[in-house]
A.B. asks: 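Okay, here's the structure, questions in a sec.
Residue numbers start from 1 in every chain, and the chains themselves are labelled A, B, ... in the order their sequence lines are given, proteins ahead of strands.
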There are 2 protein chains.
Amino acid sequence: MTAQPSEFELSAGGVDTQGRVRDAERTRADILDVATREFADQGYAGARINEIADKTSTTKRMIYYYFGGKEQLYVAVLEQAYSRIRGLEQQLDVEHLDPVEAVRELAGLTFDHHESHPDFIRLVSIENIHRAEHIARSTVLSGLANPALDVLGAILRRGWDAGLFRDDVDALDVHQVISAFCVFRTANRHTFGAIFGRDLLDPARRDHQRRMLGDLVVAYLTAR
Amino acid sequence: MTAQPSEFELSAGGVDTQGRVRDAERTRADILDVATREFADQGYAGARINEIADKTSTTKRMIYYYFGGKEQLYVAVLEQAYSRIRGLEQQLDVEHLDPVEAVRELAGLTFDHHESHPDFIRLVSIENIHRAEHIARSTVLSGLANPALDVLGAILRRGWDAGLFRDDVDALDVHQVISAFCVFRTANRHTFGAIFGRDLLDPARRDHQRRMLGDLVVAYLTAR
DNA sequence: GAGCTAATTCACCAACTGGTACATGACCGG
DNA sequence: CCGGTCATGTACCAGTTGGTGAATTAGCTC
């Protein structure tokens, strides 16, 4: 009734490539994707296992078969989300630029990055509501360092050597400032919009916001 | 059994000042306070009406008597929390300082302010997860402007007149930067700590963080 | 094609959750 | 001191929620 197996049945008849009826990996990935959307959308407590199951092409029983329970499913969602983001961050390449331009570029890329992954930001907010207890418990996630931080560290070192940057901050401080700006724009978009009447993600203001972040970090690092 | 009415009963016997058995306002305030803690702690979906009732000195029935339902109680919690914060913000007084020192002071006060109201920050995060739908629906809250913003506007105007500040930003932009820094420190404390091993609220780093915010905003506004 | 195992389906449940009907009790004005 | 109303406590409920037992089937191996 609700499911639409026609697509699979048709291809399964003649094609042998991927149209298998039983496919553990596909089922697992399906569940994980739907769960990611649901948890990001509704929060941990707000998300419903029944709802997730219904939006899947499989059944609730499979969720328990593959993940064990709601909490473990949520941790799996977090682990996948963080892994994907970290994968993207590893592609950063600003080593060839001079320090000032490199830090501006890094800030800009982080800006773009956050803007295109609102679900990830939401999951992080949700995890903070729960005091990061799931991250802390996950061996995969706790202490998983950020590639962007290493890149930033290298830039700062070059900037210090050239006498361009102030030296009373470390890479983590600067990362914190950049993250704060980018996360706030997405995570607090709604209350900010409701109270001040300005949509922080308004495309018309995007360039201004991006330039503002770059100027902010550069001005701070090169001040005095 | 579970309740402990002894305190009230004892004082009600002899004292007439505040120890009344029936006190609508007191009951309402009691519920609201407990609900604030619970919602801030567990989120909207995670908070339980039964749990709130149990932690109250009254019963679940009273929650429905005074507030009507879970959602209305939550909105009442938001309204009270915002009102209190706005009340505090109205006490800002930095008009006598020169623009640079005034903006630094305002940033510092906002910093202090956020640090001492973690529950409020949590409620804001939670409300953002729900896309500010409750704020939007509340006539009390939607469009309720921020006193700090007016103060900031006045400072900027003086700074522009004196040719001290860049003029390609408005008060809301600057407020956004300050808020982002302060909110992030509290709201993302847990994931940041779990992943980078640095507690953003560590008292030993507080002065450094506070100075960093001041320098950040001043450096940006006075750049070039 | 028999046999085995991983994957899947289906029916079912106990506990909880928000919410309510109703009886009762306290306080205040007259 | 009485009557009414606001406030409160008790008992209860229907729907939902996360979770499970056990039978069933698809596909692989030999």
A.B. asks: Remember a base hit wins even if backbone is also touched, and classify B:Ala53 as base, sugar-phosphate or nothing at under 4.0 Å, heavy atoms.
C.D. replies: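 It contacts nothing in the nucleic acid.
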
A.B. asks: Determine, for A:Tyr64 and A:Lys70, whether the Lys NZ or Arg CZ falls below 6.0 Å from the six-membered ring centre while staying within 45 degrees of the axis.
C.D. replies: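 That pair does not qualify as a cation-pi contact.
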
A.B. asks: Rounded to whole Å, please give me the gap between CD1 in B:Ile49 and P in C:dG18.
C.D. replies: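 In whole Å, C:dG18 P lies 6 Å from B:Ile49 CD1.
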
A.B. asks: Rounded to the Å, how far apart are A:Asp54 CG and D:dT16 C1'?
C.D. replies: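 To the nearest whole Å, that distance equals 13 Å.
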
A.B. asks: Using 30° and 60° as the class boundaries, would you call the ring planes of B:His134 and B:His130 parallel, tilted or perpendicular?
C.D. replies: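 Because their plane-to-plane angle is over 60°, the rings of B:His134 and B:His130 count as perpendicular.
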
A.B. asks: One pair to check against side-chain contact (heavy atoms from CB on, under 4.5 Å): B:Phe39 and B:Ile126. What are the steps and the verdict?
C.D. replies: CA-CA 8 Å; B:Phe39 281 125; B:Ile126 289 161; 5.7 Å; no

A.B. asks: Verify side-chain contact (heavy atoms from CB on, under 4.5 Å) between A:His114 and A:Phe181, making sure each step is shown before the conclusion.
C.D. replies: CA-CA 10 Å; A:His114 280 68; A:Phe181 187 95; over 6 Å; no

A.B. asks: Scan residues 64-75 of chain B against DNA chain C and write down, sorted by residue number, each residue with any heavy atom closer than 4.0 Å; if none is found, say none.
C.D. replies: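 Residues of residues 64-75 of chain B that come under 4.0 Å of DNA chain C are, in numerical order, B:Tyr64, B:Gly69, B:Lys70.
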
A.B. asks: After noting the C-alpha distance and the side-chain angles of B:Val217 and A:Tyr220, does the key distance pass the side-chain contact (heavy atoms from CB on, under 4.5 Å) rule?
C.D. replies: CA-CA 8 Å; B:Val217 179; A:Tyr220 174 65; over 6 Å; no

A.B. asks: Does the side-chain contact (heavy atoms from CB on, under 4.5 Å) test come out yes or no for B:Glu115 and B:Arg210, once each step is laid out?
C.D. replies: CA-CA 11 Å; B:Glu115 192 170 69; B:Arg210 217 181 105 113; over 6 Å; no

A.B. asks: Taking protein heavy atoms under 4.0 Å as touching, what does nucleotides 9-14 of chain C look like 5' to 3' if B marks base contact, S marks sugar-phosphate-only contact and - marks none?
C.D. replies: BB----

A.B. asks: Any donor and acceptor pair, going by atom type alone, linking the side chain of A:Asp30 with main-chain N or O of A:Thr56 inside 3.5 Å?
C.D. replies: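 Such a contact is absent between A:Asp30 side chain and A:Thr56 backbone.
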
A.B. asks: When the distance from CG of B:Asn50 to P of D:dC13 is rounded to whole Å, what number comes out?
C.D. replies: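 Value for this atom pair: 16 Å.
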
A.B. asks: Walk me through whether A:Phe67 and A:Tyr74 qualify under ring-ring contact (aromatic ring centres under 6.0 Å, His included).
C.D. replies: CA-CA 9 Å; A:Phe67 298 95; A:Tyr74 172 70; over 10 Å; no

A.B. asks: How many Å lie between CD on A:Glu51 and C1' on D:dG19, as a whole number?
C.D. replies: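 So the two atoms are 17 Å apart, to the nearest Å.
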
A.B. asks: What is the distance, to the nearest angstrom, from the CD atom on A:Glu38 to the P atom on D:dT17?
C.D. replies: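 Atom CD in A:Glu38 sits about 12 Å away from atom P in D:dT17.
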
A.B. asks: For the pair made of CZ in A:Arg26 and C1' in C:dA6, what is the distance, rounded to whole Å?
C.D. replies: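 Computing the A:Arg26:CZ to C:dA6:C1' distance gives 17 Å.
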
